[in-house]
Amino acid sequence: MSTIEDRLSAALEARAEQVQPEDLRPADVPRPASVTWLRHPATYVAAAAACAAVIAAPFLVNAGDDAGEPSPAPAPSVVPTALPPQADIGADWPSPDRPSRIDVDGDGTPDVVRVRAEPGEPLIGQRLRVEAELSSTGAVALALLDSGEVSANIFGPAQLDGDPGKEVLVYRDGLSVAALDLAGDRLVEPDVAETPPLLVGIVEEPSTGRGFESRVWVQDGTLSSYLSDDSFSGGNPLNTPMVYPVSVTTWSLEDGALVPSEPLRQCVDVLAPFDESRPVVDCADGAGEAIPAVYPEVTERAQLGDNFEVEVGGGSATVSLEGTSSNGTVEEGDAEVVVTLPGGATQRLAVEPGWEPAIYTTPVSFPGGELSLLVTQEGGDSNTMTLLTVRDGRLMAARTEGPVPFGNGFIGSSERSYQTWIGPDGALFTRIANEVGPEGSLFTQVTYRLYRWALGGSVSIEGAPTLQALSEGCFAMDDAGSGVSITRC
Amino acid sequence: MAKLRSGASRNQGGTPTWAAGELAELYAAHRLSLVRLAMLLVDDLASAEDVVQDAFAGMAARRGALDDRSAALAYLRVSVVNGSRSALRRRRTARAYVPPHEAPPEGPESHAVLAEEHREVYQALEHLAPRQREVLVLRYWSNLSEAEIAHALGISKGSVKSTASRALDALENILSKEGQR
């Protein structure tokens with residue numbers, strides 16, 4: 001084993017050895033179940049109580065009405081006659097979590113709600129039984145659900161309709177959140193539209209290997225979810241940027257269906273203090289309808305043999321582009337970017353073979369980011385761009401992947417161009433033409449999809465971060481004159 | 001391998017059930033090691049004991065399919081891992097993003113009394129994602145094979161290998177950074 005494995009084994013052993021038999025609570029061996037549920041006396045008691053409640057309910061309601069007194073508790077809803085009797089499946093399945101207390105029947109008293117998982121392979125099995133012991137009737141209302149990939153648990157509760165009873169929200173790995181509503185003597189999962197997803201996890205983007213981030217939360221009894229506006233690379237977790245826009249939906253229960261609200265654009269700010277009951281914040285650009293400041297464009301560049309200074313975290317870093325080119329190109333090892341960080345540490349990174357490099361003297365700025373520099377290698381009808389960034393004192397090239405191209409060029413063999421540039425405040429943009437300009441011109445009266453680049457995380461701590469494109473929308477941009485006009489499509 | 005329930009009675013439904021002595025035997029044999037496993041995952045003794053007690057309670061309620069000790073121990077181990085994850089989930093949020101492990105305030109059983117070299121490693125372990133931590137604990141403390149870890153976590157053997165590799169890299173990186181401070 002390597003040193004780190006040895007150290008880890010020793011540390012775990014030492015920590016485990018801190019728990020000795022005398023540290024444990026007195027032994028309390030659980031009693032084995034010895035009979036099936038059909039033969040268990042408690043089942044008869046529960047069944048009898050449930051039957052008595054159903055029989056007695058109409059009389060109790062009438063008695064309350066006749067007396068002119070407010071009902072002590074809302075009566076259970078009338079059992080829909082169309083529903084067949086529900087089989088009592090899974091009463092003996094294990095319940096891995098402690099029960100929750102949620103006022104499902106709306107009588108003001110929390111009811112015991114637990115999730116039982118069907119034994120199987122994996123051991124959190126194929127189905128879940130969610131059951132609520134109703135304090136108003138003594139009956140057990142239950143629902144059977146598909147289980148998640150690994151586990152499930154109750155969160156919430158939520159108040160999704162006008163009934164006094166609360167809805168039970170069940171989180172399931174890889175599946176939609178189930179919002180269970182008490183209907184008669186059972187918990188019912190309402191119909192829910194596939195979009196937007198009501199999912200905690202990643203919604204895969206077809207054929208790109210990327211994913212949209214989806215979250216679900218409850219705030220003051222309101223069920224909300226969001227879906228990121230843009231897809232990100234990175235698997236689980238996604239390499240999300242520090243700040244990114246999402247579409248927030250709130251959900252209500254109407255006529256047996258979960259109904260989404262109109263989406264509201266808000267942002268996730270990873271650097272903001274996290275509030276699990278409200279994981280989104282207002283976006284700095286409001287509703288995203290403003291025209292972003294994309295010009296003037298940074299143009300000053302250093303060439304091979306040049307050096308310049310940039311401000312980094314209150315200090316000054318020196319950047320130089322060293323090496324030589326031959327016939328306007330560089331081969332492997334011909335050129336490198338050298339950055340001397342405040343404090344004197346020097347980092348070097350070779351320039352990829354290709355056209356002669358230049359480096360913009362204005363750094364690219366990312367929220368929470370360290371020093372980032374844009375290297376461009378121009379030639380022919382396209383230029384390759386590389387974003388270099390310092391992470392934990394190391395200079396590395398950010399990864400670029402996904403459907404939005406980085407640099408300047410043309411989409412496939414088409415005449416649709418794309419350009420990348422540094423705008424005001426060091427923001428990095430790419431635009432992709434929706435159509436070809438007049439007479440093939442690149443810069444006249446064309447509409448574009450505009451993207452702002454953000455720096456996402458990386459899968460491993462040492463790995464290079466990934467550039468993620470955040471959509472700004474569609475814009476008509478006219479570069480023909482001395483200025484630039486930009487309007488939304 | 002000895003059958004755990006070679007003499008177990010069967011109820012009228014024909015499903016084998018636990019004899020009280022068998023469960024007590026399992027409890028006596030494995031409770032301590034399972035509490036230790038849970039504590040390495042959730043970081044406090046009280047939660048760890050709860051998790052293990054729930055695992056045994058689940059085992060007690062279970063019928064059928066566990067014919068030997070290794071299957072019973074595997075069942076308990078999976079229950080403990082799942083229970084620990086649930087305990088952690090209750091501590092964290094409904095987000096799928098997995099934040100660094102959030103340990104509760106240090107108690108009397110805290111790792112503060114660990115030797116310095118172990119404490120550094122253990123604290124670094126707290127910065128890993130829960131699944132990475134689970135894989136490392138099962139691999140380097142429980143000494144499980146990749147197949148056993150895959151079974152316990154409900155993931156593929158390939159995922160076990162890649163998760164372990166990344167987790168070790170991350171651990172080493174954290175430790176090297178700590179060492180530079």
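Each chain gets a letter, A, B and so on, in the order the sequences are listed, and its residues count up from 1.
Within 6.0 Å of atom CZ in A/Arg399, 12 or fewer heavy atoms from other residues, nucleotides or ligands are found, so the atom counts as exposed in its surroundings. Other residues, nucleotides and ligands contribute more than 12 heavy atoms inside 6.0 Å of the CD atom of B/Glu117. Taking a 6.0 Å sphere around CG of B/Asn143, one finds it holds more than 12 heavy atoms contributed by other residues, nucleotides or ligands.
Looking at B/Arg36 and A/Arg15, their side chains never come closer than 4.5 Å, going by heavy atoms from C-beta outward.
Among all heavy-atom pairs drawn from B/Tyr140 and A/Leu8, the shortest one is CD1-CD2, 3.5 Å. The two residues A/Arg25 and B/Ala46 make their nearest non-hydrogen contact at NH2-O, 3.1 Å. Between A/Ala14 and B/His118, the closest heavy-atom pair is CB-CD2, 3.4 Å. Across all their heavy atoms, A/Leu12 and B/Tyr122 have their closest contact at CD2-CE1, 4.2 Å. The shortest heavy-atom contact between A/Asp23 and B/Leu45 is O-CD2, 3.8 Å.
The main-chain N or O of A/Leu24 is never found under 3.5 Å from a side-chain atom of B/Glu49 such that the two would form a donor-acceptor pair. Under the 3.5 Å distance criterion, the side-chain polar atoms of B/Arg31 are left unmatched by any main-chain donor or acceptor of A/Pro21.
A salt bridge is absent between A/Glu5 and B/Arg139: the closest approach of a Lys/Arg side-chain nitrogen to an acidic carboxylate oxygen does not fall below 4.0 angstrom.
With values rounded to the nearest 0.5 angstrom, B/Tyr27 atom OH is found 5.5 Å from A/Asp28 atom CG. Considering CZ of A/Arg7 and CG of B/Leu171, their distance stands at 8.5 Å, rounded to 0.5 Å. B/Leu175 contributes atom CG, which lies 11.5 Å from atom OG1 of A/Thr3 (distance to the nearest 0.5 angstrom).
Residue with the most contacts toward chain A among B/Val52, B/Asp50, B/Leu40: B/Asp50 (heavy-atom pairs, distance under 4.5 Å).
Residue contact with chain A, scored on non-hydrogen atoms closer than 4.5 Å, is absent for B/Leu37.
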